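First comes the structure, then the notes that go with it.
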Amino acid sequence: MRIRSAIAVSTASAAAALTLLTSATPGQAAAGPARPARCAEKALTVHARAVPGDPTVLRTDVTNRSGRACLVDRVPTVTFGNLDGIALPTPRDGRGTYRLAAGGTAYADVRTIGDPADPEARRVGTVTVAASAAHGGRSFTAAHLGTGRKVLVWEPVTTWWQPSAAAADRGIGLS
């Protein structure tokens, strides 16, 4: 009796497996949908500019110039001159990735300082923005950004990459 049960179960299992394998399209049984690869830095263009009338907020964007979708970090990496540290994500826990469509652009805002009169403010001549922490990024001078001779920095924050500039503005509290 035990032998017959084992044979019956084995036969039923084999039939079920055969049905699954023959009904799947080629490649479907082995793997799910392919995820896009990480974006190569050379395939990306990064821009940054101060918000008109508010030099404490920088608008940044990244465009995928390649012909394929790719992934960047969920939050841009923003560094300030020779200071240690990066702008922290708001909301917190910005781990993960953001999918950039072929030819697509993502947007993020950076608040460099909460109160420009803060006596602890640091002053830097450049800000570097990278779409992923593994990238070197692009550096922008204070003059290019439109912040004057220096960029004021103290406890900077950045939004996650967003599908529109308006969404990035809302994420930093501009609208």
Side-chain angles (χ1 to χ4, degrees), residues 35-118 120-175:
R35 280 186 48 158
R38 285 283 187 163
C39 296
E41 186 170 13
K42 66 184 178 186
L44 303 174
T45 301
V46 177
H47 296 104
R49 205 79 175 127
V51 169
D54 189 351
T56 67
V57 177
L58 307 178
R59 287 191 175 129
T60 68
D61 65 71
V62 59
T63 300
N64 175 5
R65 296 185 332 264
S66 78
R68 293 183 168 189
C70 61
L71 302 173
V72 295
D73 288 349
R74 182 74 193 116
V75 177
T77 300
V78 183
T79 57
F80 302 88
N82 61 354
L83 299 178
D84 289 340
I86 60 172
L88 296 176
T90 184
R92 300 255 186 241
D93 192 30
R95 291 180 296 227
T97 57
Y98 183 88
R99 184 182 185 276
L100 265 178
T105 301
Y107 305 85
D109 282 359
V110 180
R111 183 173 303 284
T112 64
I113 188 168
D115 177 8
D118 191 328
E120 296 190 62
R122 304 294 185 256
R123 288 157 178 74
V124 297
T126 61
V127 174
T128 302
V129 180
S132 293
H135 296 169
R138 179 173 173 201
S139 292
F140 302 92
T141 65
H144 174 87
L145 292 168
T147 61
R149 295 183 60 194
K150 298 288 181 179
V151 176
L152 295 175
V153 182
W154 190 251
E155 299 180 339
V157 294
T158 182
T159 64
W160 297 4
W161 288 118
Q162 301 293 326
S164 70
D169 285 355
R170 284 190 300 276
I172 206 87
L174 286 182
S175 51

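As the structure is a prediction and not an experimental result, all values here were calculated from the model.
Of the inter-residue distances, the one linking His47 atom NE2 with Thr105 atom OG1 reads 9.0 Å to the nearest 0.5 angstrom. Atom CG of Asp169 sits about 10.0 Å away from atom CD of Gln162, to the nearest 0.5 Å. We find the CH2-CG distance between Trp161 and Asp73 to be 10.0 Å, quoted to the nearest 0.5 Å. Rounding to the nearest 0.5 Å gives a distance of 8.5 Å between OG1 of Thr126 and NZ of Lys150. With rounding to the nearest 0.5 Å, the separation of CG in Leu44 from CZ in Arg65 is 7.0 Å. A distance of 9.0 Å separates OG1 in Thr159 from CZ in Arg74, rounded to the nearest 0.5 Å.
No option in Ser132, Pro76, Cys39, Pro163 other than Pro163 meets the side-chain contact (heavy atoms from CB on, under 4.5 Å) test with Tyr98.
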Run the side-chain donor-acceptor check on residues 82-90: report pairs under 3.5 Å with partners two or more places apart or on a different chain.
none

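The closest side-chain heavy-atom distance from Ser66 to Lys42 is not below 4.5 Å. Between Val127 and Thr112 there is no side-chain heavy-atom pair separated by less than 4.5 Å. The shortest side-chain heavy-atom distance between Val46 and Thr60 does not fall under the 4.5 Å cut-off. The closest side-chain heavy-atom distance from Arg123 to Leu152 is below 4.5 Å.
The main-chain N or O of Gly136 is found under 3.5 Å from a side-chain atom of Glu41 such that the two form a donor-acceptor pair. Formation of a donor-acceptor pair under 3.5 Å by the Asn64 side chain with backbone atoms of Gly104 is not found in this model.
Across all non-hydrogen atoms, the minimal contact from Val151 to Thr147 is CG2-OG1, 3.3 Å. The two residues Arg68 and Ala102 make their nearest non-hydrogen contact at N-CB, 3.6 Å.
A salt bridge is absent between Asp109 and Arg111; no separation between the charged side-chain nitrogens and carboxylate oxygens falls under 4.0 Å.
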